[in-house]
2 protein chains.
Amino acid sequence: MPKRSAGMRDVARRAEVSLSTVSRVLRGAPGVAPEVRERVRAAADELSYAVSRNASGLVTGRTCRVAVVVPSLRPWFFGAVASGLGHALHAAGLDMLVHQADGAEDWTRDLPLPHNSDALVAVALQVTEEQYAHLGDLAGPVVLAGEELPGRASVFIDDRAGTAGATHHLLNLGHTRIAYIGTHTEHGPSRSSAARMAGYHDAMAEAGAEPWTVSKPPGPDGGELAVGELLSHQSPPTAVLAESDDVALGAYRALRRSGVRVPEAISLMGFDDHDASAALDLTTVDQAPEALGAAAGQLAADLVHGRRPSDTRIELPVQIVPRQSTAAPQERRTSP
Amino acid sequence: MPKRSAGMRDVARRAEVSLSTVSRVLRGAPGVAPEVRERVRAAADELSYAVSRNASGLVTGRTCRVAVVVPSLRPWFFGAVASGLGHALHAAGLDMLVHQADGAEDWTRDLPLPHNSDALVAVALQVTEEQYAHLGDLAGPVVLAGEELPGRASVFIDDRAGTAGATHHLLNLGHTRIAYIGTHTEHGPSRSSAARMAGYHDAMAEAGAEPWTVSKPPGPDGGELAVGELLSHQSPPTAVLAESDDVALGAYRALRRSGVRVPEAISLMGFDDHDASAALDLTTVDQAPEALGAAAGQLAADLVHGRRPSDTRIELPVQIVPRQSTAAPQERRTSP
DNA sequence: CTGCGCCATGGCAACGTTTTCATGACCGGC
DNA sequence: GCCGGTCATGAAAACGTTGCCATGGCGCAG
């Protein structure tokens, strides 16, 4: 019964070999007789010994750890991305260190980075070119997930094409008075917010339809506010496209409370494929956050091992998930 | 421009002091002249130097890292718990290492624990007494979050009281035909599933009402199946209490698709305060997952520093969140 | 039969910190 | 004015691993 936790020395004694040999076996290095290898494995197992990444990292300079920074783990979306990241990193033999930026103005500062992780994955965080360089000096390879920076390792979706596709979906159903609910914080809209709104404008312009946008704070409350505004118009829209499902949920609530039936009176569409969207039968755009995370994790692992160029950019496809919250506008419906 | 990352040696040179002094300053140890302290701080700052937790952990035996194991980060709930954990640990100067168990039969085996973390937090994972002891040997203090083991450090909510309260809420509205939707996997119901169902039985028995339970696989699909079964009964329930919001969402969808109005025809209540519950106006029980995580993180930090006994048990309160999905049953409604 | 080379193994330094101990300066009291 | 004590500082050992080099045994070719 070991007092605290066994060291490599104990394993060596038990297997009657030297430290070097134990190290070689546990590292999978060649040059060890099969019989000895087995003996060491057994000894390590019996002591339930595992190599201290602390000590090995000290020598090799690699920590087997990747730092992941998310705005917060609270919203569904980042948890899903982190999940994909965790799986990919785990498969690559890397541990995942998670930090939450929590809207700190410069989250790049208070991370204990140097020597502490082999790479950094920033999820849905805006990073300036300057910050990127700084992080690279400190933490090694940096991967941007859900954001992008020209010439830098990034994994992202085509937000613009996503909303354009969503808008087409509504246009194809016969809608023309399609309102768009975007969001912005005090610092203005995020890159992805702007891209999504641009996609909407693209599609509307292409169809020759009049764009109609409102912008509110993020979250369900924004959606609720936006719907209040839209419904008070003399001729309300027949379809509403929300920047995100989060916003769409708020919009949905406001519509239900106002007695407006979805999709009969107004079609509602979101973006993200939120967990709740399935329950609500909300038509949405699936951006596969878990796949996003997985791709980013894979990329980070590859960068650590130098298996891919550091300017690799991966664009993930999005997919429209048609459900019951969108339908042809009532005025144009053909007889039953 | 440092080639890779500066070491303590570089800081020492720059501040013209010895390694020892730098270490003392950066560690906040006493016995350094204020003027020198300032000089070292400045030097470290200019080199954007941060102590290698790898090396310091090697000497102190403490890693400043806590391993967190969750079943998966994908579901909303665990992300929220992890969020609270992250904040609490960060405040205590600890980094958070996240692992996903992913339903592995014995997740306690493939964690690279020894020497690699100061403590372990297991979230909503069943741990046998034997596993607990094993983990303790390997990883130091172990905290159970959302589960409990007698005499072991745990943070949990009173599931039983939660569902009992929820049932009372429905009883108080005048319902008597109250069905309960529980869940079970192939291994049977989890501890918390069992506790929740017990709370329901408690309240029904106390009120002299006939219990009516169905048990399905977890998730929205289970809720959907359950509702199908309940509605096919000759005299369906007037209220349905679901083990979790996740299940309730599926139930809600099935009800909506069947044209059953909520709450007019059937009252529906969940448990968890899922993000989507607010959007759906679903009455639920808030178990404050973020607070759960925060308490667990705080406890883990305290255990690491020996500031609390290792058998500390914290029970967090739950709170009913009344929303629009529950109302008095139609038959008994008094005239408007 | 001898000698060369390869392979398995062990010894030792080094990684970047903390910690303990030693050194020396300075201050105050008798 | 001398001595003991306190305080700031520096030197060196140790932490648990890996990487390099040395050693010795064995097989095979000449």
Side-chain angles (χ1 to χ4, degrees), chain A residues 2-41 43-44 47-65 93 112-118 138, chain B residues 2-41 43-44 47-65 93 112-118 138:
Chain A
K3 200 77 200 214
R4 183 67 171 114
S5 62
M8 194 176 264
R9 178 157 240 108
D10 304 296
V11 179
R13 252 199 295 272
R14 191 175 240 268
E16 298 176 297
V17 291
S18 72
L19 278 162
S20 315
T21 304
V22 176
S23 174
R24 271 187 284 259
V25 171
L26 267 32
R27 206 151 19 94
V32 180
E35 183 244 347
V36 176
R37 187 178 292 272
E38 205 36 62
R39 208 168 64 218
V40 172
R41 283 249 167 74
L47 296 171
S48 60
Y49 165 82
V51 176
S52 158
R53 296 199 165 166
N54 251 8
S56 81
L58 194 51
V59 180
T60 59
R62 318 228 356 271
T63 63
C64 291
R65 256 170 247 133
L113 285 179
H115 308 282
N116 290 319
S117 58
D118 294 342
L138 259 49
Chain B
K3 198 82 200 194
R4 182 69 171 115
S5 62
M8 196 176 261
R9 177 156 239 109
D10 305 297
V11 179
R13 252 199 294 274
R14 191 175 239 268
E16 297 175 299
V17 291
S18 73
L19 277 164
S20 318
T21 305
V22 176
S23 175
R24 272 187 282 259
V25 171
L26 266 32
R27 206 153 18 95
V32 180
E35 182 243 349
V36 176
R37 188 177 291 272
E38 206 34 63
R39 208 167 63 218
V40 171
R41 283 248 168 74
L47 295 171
S48 61
Y49 166 82
V51 176
S52 158
R53 295 199 165 164
N54 252 7
S56 80
L58 195 51
V59 180
T60 59
R62 318 224 358 271
T63 63
C64 291
R65 253 169 249 133
L113 286 179
H115 308 283
N116 289 319
S117 57
D118 294 341
L138 260 49

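Predicted, not measured: the structure shown is a model, and the values here were computed from it. Letters A, B, ... mirror the listed sequences (proteins, then strands); counts begin at 1.
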* Nearest to the side chain of Ala55(A), which nucleotide is it out of dT18(C), dG16(D), dT18(D)? -> dG16(D)
* To do: Report yes if at least one side-chain N or O of Tyr49(B) is closer than 4.0 Å to OP1 or OP2 of dT17(C); otherwise report no.
  => yes
* **Distance-only donor-acceptor test (3.5 Å): side chain Arg24(A), base dG10(C)** => yes
* Grab the CG-P distance between Leu19(B) and dT17(C) for me, whole Å please. => 8 Å
* Just compare dG10(D), dG19(D), dT19(C) and give me whichever is closest to any side-chain atom of Arg27(B). => dT19(C)
* Choose from dT17(D), dG10(C), dC15(D) the nucleotide whose nearest atom is closest to any side-chain atom of Val17(A). => dG10(C)
* May I ask you to verify if any side-chain N or O of Ser56(B) is less than 4.0 angstrom from the OP1 or OP2 atom of dT17(C)? => no
* If you measure from CZ on Arg53(A) to CG on Leu58(A), what distance do you get to the nearest 0.5 Å? -> 15.5 Å
* **Val36(B) or Leu58(B), whichever maps to the more 5' nucleotide of DNA chain D** => Val36(B)
* Asked: Phosphate oxygens OP1/OP2 of dT18(D): is one of them under 4.0 Å from a side-chain N or O of Ser23(A)?
  -> yes
* Roughly how many Å is it from CZ in Arg53(B) to C1' in dT17(C), rounded to a whole number? -> 13 Å
* To do: Please tell me if the side chains of Asn116(A) and Thr63(A) come closer than 4.5 Å, counting only heavy atoms from C-beta onward.
  => no
* When you check the phosphate oxygens OP1 and OP2 of dG10(C), does a side-chain N or O of Ser18(A) lie under 4.0 Å from one of them? -> yes
* To do: Measure from CZ on Arg62(B) to C1' on dT18(C) and round the result to the nearest Å.
  => 13 Å
* Which nucleotide in dT9(D), dT17(D), dA14(D) has an atom nearest any side-chain atom of Ala33(B) -> dT9(D)
* Asked: Are any side-chain N or O atoms of Arg24(B) and backbone N or O atoms of Ala29(B), one a donor and one an acceptor, separated by less than 3.5 Å?
  -> no
* Structure fact -> To the nearest angstrom, the CG-C1' distance between Leu26(B) and dG16(C) comes to 13 Å
* So what does Gly31(A) touch, heavy atoms closer than 4.0 Å: a base, only the sugar-phosphate, or nothing? -> base
* Atom-pair distance (CG on Asn54(A); P on dT18(D)), nearest Å -> 12 Å
* Structure fact -> d(Leu47(A) CG, Met8(A) CE) to nearest 0.5 Å is 12.5 Å
* Between Val59(B) and Glu16(B), which has a closest nucleotide on DNA chain D that is more 5'? -> Glu16(B)
* Quickly work out the Arg9(A) CZ to dC12(C) P distance and round it to whole Å. => 11 Å
* To do: May I ask you to evaluate whether Ser20(A) reaches the phosphate of dG19(D), defined as a side-chain N or O under 4.0 Å from OP1 or OP2?
  => no
* Please tell me if the side chains of Arg65(A) and Asn54(B) come closer than 4.5 Å, counting only heavy atoms from C-beta onward. => yes
* **Spacing of Arg13(B) atom CZ relative to dT9(D) atom P, expressed in whole Å** => 19 Å
